[in-house]
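So the structure is just underneath, and the comments pick up after that.
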Amino acid sequence: MEHYNMNLTLKVWKQKNTNAQGGFETYSVKNISSEMSFLEMFDVLNEQLINEGKEPVAFDHDCREGICGMCSMHINGRAHGPWAGTTTCQLHMRAFKDGDTITVEPWRSGAFPVLKDLTVDRTAFDRIIEAGGYISVNTGNAQDANCLPVDKHSADLAFAAAACIGCGACVAACKNSSAMLFVSAKVSQLALLPQGDPERKTRALNMVAQMDKEGFGSCTNTGACEAECPKEISLTNIARLNREFIGAGFTSEK
């Protein structure tokens, strides 16, 4: 693969805090390696700004391995940028070419208020998990691995749903700012396994109620969430959530 350096123009959203009015600021970065990750390019930008006595750009990051779900940038109108199935931290600069102008924004959703610049508050997801994304277990010694048999098909579907990293790209990509793909993945990974049975009658009801309380929009099945999800979570999970929700409405004691 050919290595090359490039000069870029960045239009980056700057906002002092949640209540302040934000806007785009334009920066130039030079000699950016095509082998850099997108976040490494932002590190270069921030070093440049610090050396110039200016305030660096605030952005979320942690593992930089596509695992933690912290990175959250809307790049040229797409959540996590132009590569499919890729987080911002795993997006490399070879996706761009010399002379490009790149527009970078935070996630846009009323349920994800901007804290500063490209950093948003995603604790709404945490509260949805607290509402029902757990199982009841007895503590003590670990049980034998084969004492709860799970068929291969269900195990594979549960594993695929559990791949969700909670980054919020589904919300950012959705015209309604819906969190249905996130919630459905968290419900599905438990609904497909016997360990998820104890809370099954209340889980979907409680998590959907909390999702609505947080101000996320409704799902209209446009599929933008699945298209932009870095872990390629399937829309079929939303169908499963709907079944769980309707079933729970008939059987729940609440």
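Below, each value reflects all heavy atoms present in this structure, side chains not excepted, and no hydrogens, waters or symmetry copies. Just so it is clear, the structure is predicted and the values come from calculations on it, not from any experiment.
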Hydrophobic cluster membership, with links at side-chain heavy-atom distances under 4.5 Å among I/L/V/M/F/W/Y: are [X] and [Y] in one?
X: F59; Y: M93; result: yes
X: M73; Y: I32; result: yes
X: L91; Y: L45; result: yes
X: W13; Y: L39; result: yes
X: M6; Y: I75; result: yes

Got [X] and [Y] here, is their nearest side-chain heavy-atom distance under 4.5 Å?
X: F42; Y: V57; answer: yes
X: I135; Y: P198; answer: no
X: Q48; Y: V29; answer: yes
X: T119; Y: V114; answer: no
X: T18; Y: D121; answer: no
X: S72; Y: P106; answer: no

Are the side chain of [X] and the backbone N or O of [Y] linked by a donor-acceptor pair below 3.5 Å?
X: D62; Y: M70; value: no
X: R200; Y: L190; value: no
X: N76; Y: G81; value: no
X: Q210; Y: G132; value: no
X: W107; Y: A79; value: no
X: D100; Y: K97; value: yes
X: K201; Y: G247; value: no
X: Q15; Y: N17; value: yes

Does a donor on one side chain and an acceptor on the other come within less than 3.5 Å for [X] and [Y]?
X: T88; Y: H80; result: yes
X: Y4; Y: E2; result: no
X: R240; Y: T236; result: no
X: S234; Y: N237; result: no

Looking at E40, H3, R94, which one forms a side-chain hydrogen bond (donor to acceptor under 3.5 Å, both in side chains) with S33?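 Exactly one option meets the side-chain hydrogen bond (donor to acceptor under 3.5 Å, both in side chains) with S33, and it is H3.
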
Euclidean distance, [Y] [atom2] relative to [X] [atom1], rounded to 0.5 Å:
X: E214; Y: D126; atom1: CD; atom2: CG; answer: 9.5 Å
X: S136; Y: Q195; atom1: OG; atom2: CD; answer: 12.0 Å
X: Q189; Y: I233; atom1: CD; atom2: CD1; answer: 9.0 Å
X: L49; Y: E25; atom1: CG; atom2: CD; answer: 9.0 Å
X: E55; Y: K16; atom1: CD; atom2: NZ; answer: 8.5 Å
X: I102; Y: F96; atom1: CD1; atom2: CZ; answer: 4.0 Å

Does R243 have any salt bridge (charged side-chain N to carboxylate O under 4.0 Å, His left out) partners at least two apart in sequence or in another chain, and if so, which? none

Restricting to non-hydrogen atoms, name the atom on [X] and the atom on [Y] that form the minimum distance, rounded to 0.1 Å.
X: G66; Y: T87; answer: CA-OG1, 3.3 Å
X: L235; Y: G223; answer: CD1-CA, 3.8 Å
X: G166; Y: F125; answer: O-CD2, 3.6 Å
X: D117; Y: A58; answer: OD2-N, 2.9 Å
X: C219; Y: I238; answer: SG-CD1, 4.2 Å
X: S37; Y: C89; answer: CB-O, 3.4 Å

Verdict with supporting geometry, D60 and K116, salt bridge (Lys or Arg N to Asp or Glu O under 4.0 Å): CA-CA 10 Å; D60 271 330; K116 185 175 182 179; over 6 Å; no

Working note: L10 + M41, criterion side chain to side chain contact (heavy atoms under 4.5 Å, CB included); need CA distance, chi angles, decisive distance, verdict. CA-CA 10 Å; L10 304 177; M41 182 271 292; 3.5 Å; yes

Flag the pair D197 and R203 as a salt bridge only when some basic side-chain nitrogen lies within less than 4.0 angstrom of an acidic carboxylate oxygen. no

With the threshold set at 4.0 Å, does a side-chain nitrogen-carboxylate oxygen contact exist between R78 and E105?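 A salt bridge is absent here (no side-chain N lies under 4.0 Å from a carboxylate O).
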
Anything under 30° is parallel, anything over 60° is perpendicular, the rest tilted; go ahead and classify H92 against W83. parallel

Begin with the C-alpha distance, continue with both residues' side-chain angles, and end with the deciding distance and a verdict on ring-ring contact (aromatic ring centres under 6.0 Å, His included) for F216 and F112. CA-CA 9 Å; F216 292 104; F112 289 161; 5.6 Å; yes

Might you work through the side chain to side chain contact (heavy atoms under 4.5 Å, CB included) test for D156 and H153, ending with a clear yes or no? CA-CA 5 Å; D156 287 345; H153 181 65; 5.7 Å; no

Side-chain polar contacts of residues 172-185 - donor-acceptor pairs under 3.5 angstrom, sequence neighbours left out - could you list them?
from: N176; atom 1: ND2; to: S218; atom 2: O; distance (Å): 3.1
from: N176; atom 1: ND2; to: T220; atom 2: OG1; distance (Å): 2.9
from: S178; atom 1: OG; to: M180; atom 2: N; distance (Å): 3.2
from: S178; atom 1: OG; to: G217; atom 2: O; distance (Å): 3.4
from: S184; atom 1: OG; to: M180; atom 2: O; distance (Å): 2.9
from: S184; atom 1: OG; to: L181; atom 2: O; distance (Å): 2.9

Would you mind listing the cluster partners of L157? Hydrophobic ones only (ILVMFWY), side-chain contacts under 4.5 Å, chaining allowed. L192

